[in-house]
Trainee: 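Just dropping this structure here.
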Amino acid sequence: MIRLVRGFKDILPSDTALWQHVEVLVRELLEDFGFSELRIPILEQTELFARSIGTGTDIVEKEMYTFIDRSGDSLTLRPEATASVVRAYIEHGIYAKTPECKLYTTGPMFRRERPQKGRYRQFYQINAEVFGLHDPRADAELILLLMTIVGRLELSGAGLHINSLGCPECRPQFREALKPFLRGQTEELCSNCLRRRDKNPMRIFDCKVPTCKKAMLDAPSILDYLCETCRAHFETVKSSLDRFQIPYQINHRLVRGLDYYTRTTFEVLAEALGAQDAVAGGGRYDGLVKALGGPDQPGVGFAIGVDRLIELLAAQAQSFERRPHLFIAALGLRAQDTAFQWVQEFRMQKVRAEMDFENRSLKSQMRRADKLGVSYTLIVGDRELDDGAVVLRNMTTKEQENVPVQDLVRLVVNRIRTE
RNA sequence: GUGGGUGUAGCUCAGUAGGUAGAGCACCGGGUUGUGGCCUCGGCGGUCGAGGGUUCAAAUCCCUUCACUCACCCCA
């Protein structure tokens, strides 16, 4: 048997209704908040990700699906979307026509990590990006949008964490201050953290090893090292969130894996997800557009991990399945022939009708009707056709009535609509 | 890439003094004449992850391998 590729998955019919529910709701909110959809390809030049995400990152170093195509170009299945959005923003001169713009995009991303709960090699994201706005209220608005989505989806147990990473002006000073502290923690830090102590010391905040966590409790906070501009920026983000009563937790340990983030950074975390607890994450990336060869335009964005979001919603046990409205139990070939005609007419009237093509007993057809969860069943056999009236059974009240064959579709449609 | 756990019917799982497999759910059908959900009876359905070894005999012991899963790592 040929099976799924490791880390990839099928989204089965029993789940797609929930996916669609999320997609529709999020899309509507994005449009309400002024975002326009941008559709970007799944394949890009490898260099785009190397330059935006950073050559030192794990994503670029060992997680990308990269191959050389026949022309000799190195291509990569996108591991994230922001780089492509920025590329499109620059390539099509969007910055010239509408430097300030809000874009969103959705689709699969690819990262060759070891699969586990909430982590797949093909996973889905909804990305929102805002370009051209330095104002901290843009950051706040984006977070507001994200939390509105969370709220509308009635997602429980999800908490917002925010932090500021400073800017190229003040972050280096923090890193310098962090180093002597870390040198004093040689005993406590795990081997991994010791290795990255010099290369990327801020990442140690992310380590989940208990002793590291403990050792980092007394570490200096980036928030004490922000320059005046960054401090004021962060203050406005917070006061804006307060104003809209968005609860949040300041977490000076919240750092990002991608090099291009500056200032505001945030994540929505849900404990129920296990180790992969980030449902959404984002932040400001003021240097990225320029770094990719565009004008010096700022950007802020977030990504929602749809798979994880769905997992949370599915656990909250809410059904979005679409059940048919009507089943036609037809007895005998003549009745089946008529029923076939009717189901088509019902569907044209937006009534989801089903019937059975096997010549099964009424009992088994009733069973099927019950299993489908229809609210009404039409029962038609030779007897009914001869009498010119078929039986309409209300599956919840068990009441039955006769409906004349001529004009049947209209009468039944009305009955179902008035439910 | 590293570690732990697990791999027996579509699903959830039983099944050790080694003797060629069971349950529940699901599915199909019956319980008198053309009527569902409960009950009841029956049926369908398994190369016991794969390959090799030990043995008269292995789902059960040994080796190898693959897959799934959780965690590390990383991140949405």
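Order of the sequence lines sets the chain letters (A, B, ...), proteins ahead of strands, with each chain counted from 1.
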Trainee: Using a strict threshold of under 4.0 Å (side-chain N to carboxylate O), is an ion pair present between A:E113 and A:R119?
Mentor: yes

Trainee: Taking pairing as Watson-Crick or G-U wobble with both contacts under 3.5 Å, can you name the mate of B:U54, or confirm there isn't one?
Mentor: none

Trainee: Would you classify A:M395 as touching base, sugar-phosphate or nothing, given that sugar-phosphate means primed atoms plus P, OP1 and OP2, and contacts are heavy atoms under 4.0 Å?
Mentor: base

Trainee: Check whether any side-chain N or O of A:K62 sits under 4.0 Å from OP1 or OP2 of B:C73, and answer yes or no.
Mentor: no

Trainee: Just to be sure I understand the rule, does A:Q276 reach a base, reach only the sugar-phosphate, or reach nothing, if contact means heavy atoms closer than 4.0 Å?
Mentor: base

Trainee: Which nucleotide sits closest to the side chain of A:R393: B:C72, B:G34, B:U35?
Mentor: B:U35

Trainee: Can you check whether A:Q116 has a side-chain N or O nearer than 4.0 Å to OP1 or OP2 of B:U69?
Mentor: no

Trainee: Rounding to an integer number of angstrom, what distance separates B:U8 and B:G24 when you compare their C1' atoms?
Mentor: 15 Å

Trainee: Could you check whether the side chain of A:R368 and the base of B:G36 have a donor-acceptor pair of N or O atoms closer than 3.5 Å, going by distance alone?
Mentor: no

Trainee: Among B:G36, B:C74, B:G34, which is the nearest nucleotide to the side chain of A:E384?
Mentor: B:G34

Trainee: On a whole-Å scale, what distance lies between the P atoms belonging to B:A14 and B:G52?
Mentor: 28 Å

Trainee: Could a donor-acceptor pair under 3.5 angstrom be found where the side chain of A:Q365 meets the base of B:U35?
Mentor: no

Trainee: Work out how far the P atom of B:C61 is from that of B:A17, and round it to whole angstrom.
Mentor: 12 Å

Trainee: For A:S364, which contact category applies under a 4.0 Å heavy-atom criterion: base, sugar-phosphate, or nothing?
Mentor: sugar-phosphate

Trainee: What nucleic acid atoms does A:E63 come within less than 4.0 Å of, heavy atoms only: base, sugar-phosphate, or nothing?
Mentor: sugar-phosphate

Trainee: Determine the interatomic distance between P on B:U47 and the same-named atom on B:A9; round to the nearest Å.
Mentor: 9 Å

Trainee: Mind checking the C1' distance from B:C56 to B:C44? Whole angstroms is fine.
Mentor: 35 Å

Trainee: What distance, rounded to whole Å, do you find between the two C1' atoms, one in B:C38 and one in B:G51?
Mentor: 49 Å

Trainee: Under a 4.0 Å threshold between the charged nitrogen and the carboxylate oxygen, would A:E141 count as salt-bridged to A:R137?
Mentor: no

Trainee: Nearest-Å distance, CH2 (A:W19) to C1' (B:A76)?
Mentor: 11 Å

Trainee: If I take atom CD in residue A:E267 and atom P in nucleotide B:C75, what distance separates them, rounded to the nearest angstrom?
Mentor: 10 Å

Trainee: With sugar-phosphate meaning primed atoms plus P, OP1 and OP2, does A:A369 contact a base, only sugar-phosphate, or nothing at under 4.0 Å between heavy atoms?
Mentor: nothing

Trainee: Ring centres under 6.0 Å, that's the criterion: do A:Y225 and A:F174 meet it?
Mentor: yes

Trainee: Rounded to the nearest angstrom, tell me the gap between atom CD1 in A:I126 and atom P in B:C75.
Mentor: 21 Å

Trainee: Heavy atoms under 4.0 Å, any strand shown: does A:G274 hit a base, just sugar-phosphate, or nothing?
Mentor: sugar-phosphate

Trainee: When you check the gap from the basic side-chain N to the acidic O, do A:K102 and A:E37 get nearer than 4.0 Å?
Mentor: no

Trainee: A:R114 side chain: which of B:A76, B:G3, B:G30 is closest?
Mentor: B:G3

Trainee: Can you tell me how far C1' of B:C73 sits from CZ of A:R111, to the nearest Å?
Mentor: 13 Å

Trainee: With rounding to the closest Å, how many angstrom separate the P atoms on B:U20 and B:C48?
Mentor: 14 Å

Trainee: Strictly by Watson-Crick or wobble contacts shorter than 3.5 Å, is anything paired with B:C13, and which nucleotide is it?
Mentor: B:G22

Trainee: Side-chain donor-acceptor pairs under 3.5 Å in residues 383-391 of chain A, sequence neighbours left out?
Mentor:
residue	atom	partner	partner atom	Å
A:E384	OE1	A:G381	N	2.8
A:D386	OD1	A:R334	NH2	2.9

Trainee: Whole-Å distance between B:C74 P and A:D277 CG?
Mentor: 14 Å

Trainee: Is there, by distance only and without an angle test, a donor paired with an acceptor across the side chain of A:R112 and the base of B:C74 below 3.5 Å?
Mentor: no

Trainee: Given B:G29, B:U2, B:U35, which nucleotide is nearest the side-chain atoms of A:I379?
Mentor: B:U35

Trainee: Taking CZ from A:R6 and C1' from B:C68, how many angstroms apart are they, rounded to a whole number?
Mentor: 8 Å

Trainee: A:K363 side chain: which of B:G36, B:G1, B:C28 is closest?
Mentor: B:G36

Trainee: Run the salt bridge (Lys or Arg N to Asp or Glu O under 4.0 Å) test against A:E63 and tell me which residues pass, sequence neighbours left out.
Mentor: none

Trainee: From the options B:C68, B:G29, B:A71, select the nucleotide whose nearest atom is closest to the side chain of A:A275.
Mentor: B:A71

Trainee: Can A:E28 and A:R152 be counted as an ion pair, charged N to O under 4.0 angstrom?
Mentor: no

Trainee: Quick one: is A:R119 getting a side-chain N or O under 4.0 Å of the B:C73 phosphate, OP1 or OP2?
Mentor: no

Trainee: Could A:D277 and A:R308 be called an ion pair, given the rule that one side-chain N must be under 4.0 Å from one carboxylate O?
Mentor: no

Trainee: Starting at atom CZ of A:R121, determine the distance to atom P of B:A76, rounded to an integer number of angstrom.
Mentor: 18 Å

Trainee: I need the CG-P distance between A:L4 and B:A67, as an integer number of Å.
Mentor: 13 Å

Trainee: Quick one: which of B:A67, B:G29, B:C73 gets closest to the side chain of A:R367?
Mentor: B:G29

Trainee: Taking atom types as modelled, is there a side-chain donor on A:R27 or A:Y104 under 3.5 Å from an acceptor on the other?
Mentor: yes

Trainee: So what's B:U6 paired with, Watson-Crick or G-U wobble, going by both distances under 3.5 Å?
Mentor: B:A67

Trainee: Both A:A280 and A:V380 contact RNA chain B. Taking the nearest nucleotide for each, which residue is further toward the 5' end?
Mentor: A:V380

Trainee: With rounding to whole Å, what would you report as the distance between B:U40 and B:C25 at their P atoms?
Mentor: 9 Å

Trainee: So what's B:A59 paired with, Watson-Crick or G-U wobble, going by both distances under 3.5 Å?
Mentor: none

Trainee: Which nucleotide, if any, forms a Watson-Crick or G-U wobble pair with B:G45, using both distances under 3.5 Å?
Mentor: none

Trainee: Can you identify which nucleotide, out of B:C74, B:C70, B:G34, has its nearest atom closest to the A:K117 side chain?
Mentor: B:C70

Trainee: If you check the A:L331 side chain, which of B:U35, B:A76, B:G34 turns out closest?
Mentor: B:G34

